[in-house]
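Please find one structure pasted underneath; my questions will follow.
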Amino acid sequence: MLCFCVVNKQGEERLDSFGSETAMTSPQIPQVDKTVAACLTASGRAAVATVGLAGTAIDCIAAQVLFARNGKPVVLLQEGELRTCFFRWKDQPPEQVVVARVAPHILHIHCHGGPAAVERIVRALREHGAQIVDWSTWLVHTCSTFWEAQCWDALARAPTLRVAKVLLEQVESGLPRELEAIANGLEAGDIDSSRARLQLLRERWQVGRHLLEPWFVLLAGPANAGKSSLFNALVGYQRVIVHDQPGTTRDVIKKTTAVDGWPVVLADSAGFHDAPALLDQVAMERARKALAEADLILWITDLTQPWLGPESLVTPALGGKFEEANRKILFVHNKADLVPICERGIRLRGRPPGLVTSATWGEGLEALLVTIARQLVPKPLPPNAAVPFRPEHKELLDKLDQLVRKGAFEQAIHAMRQFCAFAQNSPEGVMR
């Protein structure tokens with residue numbers, strides 16, 4: 001069963017079912033008939049902030065708070081028109097603002113970006129009848145479709161420009177359009193092509209799920225292999241303490257960064273070694289737990305030391321399934337600056353293929369970052385590719401795959417069309 005969370009007229013969340021084989025009824029977005037206001041810029045101090053006002057009563061409210069230099073109310077703005085005016089409320093000095101009508105029933109009020117100015121304007125709008133809502137609720141009131149609201153909500157939380165570009169493409173070329181094309185293909189009898197397109201969507205979930213939830217990349221390996229130095233070099237500053245004594249790193253230390261534009265949480269873990277001390281044992285147990293959770297493991301070894309394979313260290317953490325873990329391990333042979341170039345070939349004998357790095361010299365770091373990106377995203381996304389990015393999208397795709405595999409094409413087509421109809425549904429009272 002697939003569920004959508006929508007906000008009802010009273011602002012309460014409810015779950016609507018979708019995708020059941022027995023009963024597939026389209027959820028209805030409740031009517032939105034109130035005038036709302038919201039701060040549309042991030043919290044904090046800035047040069048300019050934007051407060052949105054949407055609803056059928058915006059001109060009535062604007063006439064009470066927005067005035068031209070000659071003292072006349074500002075109420076007859078045309079769509080797309082900008083005007084400098086004064087925001088006034090009783091017993092306080094006026095605030096100079098720029099107001100724009102971006103849609104028939106939507107005004108944007110651009111003011112000074114300080115929190116005090118924004119709060120005064122928001123408070124005045126509330127006093128004149130507007131309901132103050134958060135960003136997500138504002139989208140329900142102002143977006144033309146439910147799918148557009150989902151995309152803009154995700155876009156507002158995009159951690160990198162690359163992620164923002166992918167999410168922006170989803171507004172026009174996302175999942176509803178691709179599912180409609182697949183449904184048309186099934187209706188026309190093009191089963192193989194439709195099945196392949198559906199499978200491609202399911203594969204893209206591995207990227208889509210990480211657009212807002214970063215990949216987890218763990219640096220692990222024997223003690224004193226230079227993991228912390230390499231971690232600091234990758235994040236760009238001294239994040240963790242570096243010392244030549246084994247056991248310096250006791251906990252799993254994380255830092256959110258970007259690799260080739262993709263959001264990644266890099267983590268440095270305690271080194272594995274013979275540790276009679278209880279504190280060291282606890283540190284290695286946490287490192288083993290992180291091994292099981294990581295999307296990619298950078299197994300860091302010291303090129304000056306004999307090869308110590310990860311099998312005996314990784315296997316206990318993963319229930320004896322080292323072969324499965326091996327598929328997500330990237331071997332990194334570190335401390336290359338301590339080995340003459342003429343001896344590196346000898347040192348690498350018997351070791352698995354990997355990258356040679358030096359955290360001290362920066363050698364191999366660029367290649368390491370490129371390889372990490374390729375490991376996380378083996379197939380680059382083509383322009384305007386449909387990418388599922390919410391858990392309910394994956395649930396729907398898995399359900400569709402089951403229906404297609406068992407030949408229930410009519411049910412699959414019905415489910416796709418139902419999703420598309422819901423995604424393109426305009427809420428009653430949307431102000432556009």
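Start at 1 with the first residue, then count along the sequence. Values reported hereafter were calculated over all heavy atoms of this structure, with side chains retained and with hydrogens, waters and symmetry mates removed.
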Test: R162 and D260 ion pair at under 4.0 Å: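 Salt bridge flag = yes for D260 with R162.
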Please report the C-alpha distance between N425 and T145 in whole Å, then the side-chain angles of each, then the deciding distance to 0.1 Å, and finally whether the side-chain contact (heavy atoms from CB on, under 4.5 Å) criterion is met. CA-CA 5 Å; N425 189 19; T145 67; over 6 Å; no
Examine distances only and state if a side-chain atom of R177 and a backbone atom of E180 form a donor-acceptor pair shorter than 3.5 Å. no
Return the minimal non-hydrogen interatomic distance between Q170 and L175, and the atom names on each side.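 Looks like OE1-N, 4.3 Å.
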Would you say R45 has more than 12 foreign heavy atoms packed within less than 6.0 Å of its CZ?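 No - once you tally the heavy atoms of other residues, nucleotides and ligands closer than 6.0 Å, there are 12 at most.
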Can you name the closest pair of heavy atoms from T50 and T41 and give their distance?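 Result for this residue pair: N-OG1, 3.4 Å.
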Scan residues 354-373 for pairs that pass salt bridge (charged side-chain N to carboxylate O under 4.0 Å, His left out), counting only residues two or more places apart or in two chains. R344-E363
Mark yes or no for whether D295, through its side chain, and F216, through its backbone, hold a donor-acceptor pair below 3.5 Å. yes
Here's a test for you: under side chain to side chain contact (heavy atoms under 4.5 Å, CB included), which of L53, L107, L66 qualifies with I61? L53
Taking all non-hydrogen atoms of both residues into account, name the closest pair between D134 and A38 and its distance. O-CB, 4.3 Å
Within 6.0 Å of CD in E172, more than 12 heavy atoms from elsewhere: no
Given 3.5 Å as the limit, does a donor-acceptor pair link the side chain of K328 with the main chain of A294, or not?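 Present.
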With sequence neighbours excluded, give me every side chain to side chain donor-acceptor pair (under 3.5 Å) pair touching residues 185-195.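 For residues 185-195: E187-R417.
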Please name all residues satisfying side-chain hydrogen bond (donor to acceptor under 3.5 Å, both in side chains) with D401, sequence neighbours left out, ordered by chain then number.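 side-chain hydrogen bond (donor to acceptor under 3.5 Å, both in side chains) check on D401 returns R202, R405.
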Set out, in order, the CA-CA distance, both residues' side-chain angles and the distance that settles side-chain contact (heavy atoms from CB on, under 4.5 Å) for C420 and W147, then state yes or no. CA-CA 9 Å; C420 294; W147 176 256; over 6 Å; no
Nearest heavy-atom neighbours spanning T56 and H105: CA-ND1, 3.9 Å
Test your reading of the model: is there a side-chain donor-acceptor pair from R204 to the backbone of P388, 3.5 Å cut-off?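 No, R204 side chain to P388 backbone: no donor-acceptor pair under 3.5 Å.
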